[in-house]
Amino acid sequence: MNRDWTATARTLSEALPYMQRYSGAVVVVKFGGNAMGDDAAMAEFARDIVLMKQVGIHPVVVHGGGPMINDLLGKLGIESRFVRGKRVTTRETVEVVEMVLSGLVNKRIVQAINDAGGRAVGISGKDDDLMVCEADDPELGFVGRPVEMNVQIIRDLYNAGLIPVIAPVATGMEDNETFNVNGDTAAGAIAGALRADRLLLLTDVSGVKDASGEVLTALKPQQVRDMIVAGTIAGGMIPKTETALKALEEGVRAVTILDGRVPNAVLLELFTEHGAGSQIRATKPSIKPRGLRQGDSEL
């Protein structure tokens with residue numbers, strides 16, 4: 001028992017440089033996947049977010065909610081239609097999407113953070129015209145692509161000591177238009193508009209893997225593009241890595257794709273030397289950052 005407490009104290013001490021490194025930084029966290037449906041995992045995620053705020057980081061949480069949307073659509077007897085593997089979002093469907101994301105899912109996360117001692121406020125991309133979209137693909141209906149971002153409301157919230165929790169529902173260019181936005185896409189657009197220090201995309205896989213199935217801990221954008229062309233990055237990892245590349249182009253310093261099912265995954269990524277998942281970073285920093293991955297010459 002004494003050794004356990006000593007190890008805990010040592011871990012806290014070793015985390016100090018990383019806490020100093022990220023103090024005052026904006027970190028956008030996309031929360032989704034299976035962890036959202038598990039009460040214990042939700043509570044653990046909420047504690048991690050509250051800890052980030054406690055040590056001076058400005059966390060901004062963006063969430064998805066696909067399984068919950070599917071569940072309610074089924075209960076309402078609304079049939080889902082797919083084009084090239086993507087859900088067609090009709091006017092009827094988008095109303096259900098908004099109810100689930102802005103209501104059920106958003107407030108559940110807010111409550112979990114508040115229960116952990118934080119001060120969270122839930123909003124959607126509609127609030128203060130945070131995220132204005134146009135149709136991404138006419139065949140998909142009301143699936144939106146952000147074309148205008150107004151992130152001052154987010155800055156106002158985190159500067160007031162609050163933790164923004166954002167549902168990926170947006171307004172359109174026309175009156176009374178509502179768009180469903182992919183959670184990763186929304187998180188990337190928000191991170192880019194904020195010029196966030198970090199974008200963390202929590203998913204149900206361990207990271208970006210090479211052709212042999214090994215997780216790559218550090219990547220450059222051109223490596224990612226080459227792997228997409230070669231087919232090494234495929235399926236659901238393509239939109240995640242494309243989101244990462246776009247966020248980097250818009251000024252985010254680094255993007256990490258990591259497994260949200262791993263306990264304290266966010267803390268492992270930010271506050272340990274080893275990190276977690278696959279980090280994509282565009283440029284060589286002028287100063288070697290704290291948090292250098294083992295075996296990496298730079299991040």
Only pairs under 3.5 Å count here: list side-chain donor-acceptor contacts from residues 44-54, not counting sequence neighbours, and write none if there are none.
from, atom 1, to, atom 2, distance (Å)
Glu44, OE1, Asn264, N, 3.3
Asp48, OD1, Asn264, ND2, 3.0
Lys53, NZ, His58, ND1, 3.3
Lys53, NZ, Tyr158, O, 3.0

For residues [X] and [Y], report the shortest heavy-atom separation together with the two atoms involved.
X      : Y      : value
Leu199 : Ala247 : CD2-CB, 4.0 Å
Met149 : Pro146 : SD-CB, 3.9 Å
Val151 : Ala193 : CG1-CB, 3.5 Å
Gly141 : Ala135 : O-CB, 4.0 Å
Ala187 : Leu201 : CB-CD2, 4.4 Å
Thr232 : Ala211 : CG2-N, 3.5 Å

Atom [atom1] in [X], atom [atom2] in [Y]: separation rounded to 0.5 Å?
X      : Y      : atom1 : atom2 : result
Arg155 : Leu194 : CZ    : CG    : 5.5 Å
Arg145 : Glu134 : CZ    : CD    : 4.0 Å
Leu76  : Met99  : CG    : CE    : 6.0 Å
Ile57  : Arg198 : CD1   : CZ    : 10.0 Å
Asp197 : Leu270 : CG    : CG    : 9.0 Å
Ile257 : Leu216 : CD1   : CG    : 11.0 Å

[X]-[Y] co-clustered via ILVMFWY side chain contacts under 4.5 Å:
X      : Y      : answer
Met131 : Val26  : yes
Leu245 : Val255 : yes
Val62  : Ile163 : no
Met227 : Ile238 : yes
Met42  : Val266 : yes

Checking [X] side chain against [Y] main chain: does a donor-acceptor pair fall under 3.5 Å?
X      : Y      : result
Glu269 : Ala276 : yes
Asp129 : Asn150 : no
Asp127 : Ser124 : yes
Thr256 : Gln279 : no
Thr185 : Val181 : no
Ser23  : Met19  : no

Identify every side-chain donor-acceptor pair in residues 112-119 under 3.5 Å, counting partners at least two apart or on other chains, and give the distances.
from, atom 1, to, atom 2, distance (Å)
Asn114, OD1, Ala120, N, 2.8
Asn114, ND2, Val110, O, 3.4

Indicate yes or no: at least one non-hydrogen side-chain atom of [X] is less than 4.5 angstrom from one of [Y].
X      : Y      : value
Val27  : Val29  : yes
Ile166 : Leu130 : yes
Phe31  : Val61  : yes
Ile123 : Val165 : no
Ile154 : Pro164 : yes
Pro221 : Leu248 : yes
Leu268 : Val262 : yes
Lys107 : Gln111 : no

Would you please test Leu200 and Val28 for side-chain contact (heavy atoms from CB on, under 4.5 Å) and show each step? CA-CA 6 Å; Leu200 307 181; Val28 177; over 6 Å; no
field: Salt-bridge criterion met for Lys220 and Asp226 (N-O under 4.0 Å)
entry: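 Salt bridge absent between Lys220 and Asp226.
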*Answer yes when Arg91 and Glu95 have at least one side-chain N-carboxylate O distance shorter than 4.0 Å, and no when they do not.*
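Salt bridge between Arg91 and Glu95, a charged N being under 4.0 Å from a carboxylate O: no.
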Q: Could you check Glu242, Glu250, Glu249 and say which one makes a side-chain hydrogen bond (donor to acceptor under 3.5 Å, both in side chains) with Lys246?
A: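 Among the candidates, only Glu250 passes.
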| message | I need the full list of salt bridge (charged side-chain N to carboxylate O under 4.0 Å, His left out) pairs touching residues 175-196, with sequence neighbours left out, sorted by first then second residue. | response |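 Non-adjacent pairs meeting salt bridge (charged side-chain N to carboxylate O under 4.0 Å, His left out): Lys30-Asp184, Asp184-Lys240.
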Self-check item: Step-by-step side-chain contact (heavy atoms from CB on, under 4.5 Å) determination, Thr90 to Val94
Solution: CA-CA 6 Å; Thr90 64; Val94 81; over 6 Å; no
| message | I'd like to know whether Val205 forms a side-chain contact (heavy atoms from CB on, under 4.5 Å) with Asp259, so could you lay out the CA-CA distance, the side-chain angles of the two residues, the decisive distance to 0.1 Å, and finally the verdict. | response | CA-CA 5 Å; Val205 296; Asp259 191 343; 6.0 Å; no
Review point. When you look at CZ of Arg81, are more than 12 heavy atoms from neighbouring residues, nucleotides or ligands closer to it than 6.0 Å?
Key: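 No.
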Discussion item. A quick test of your reading: do over 12 heavy atoms of other residues, nucleotides or ligands sit less than 6.0 Å from CD of Glu79?
Written reply: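 No - once you tally the heavy atoms of other residues, nucleotides and ligands closer than 6.0 Å, there are 12 at most.
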- Task: Give the C-alpha distance, both sets of side-chain angles, the deciding distance and a yes or no for side-chain contact (heavy atoms from CB on, under 4.5 Å) between Thr93 and Leu73.
- Result: CA-CA 8 Å; Thr93 303; Leu73 286 173; 4.1 Å; yes
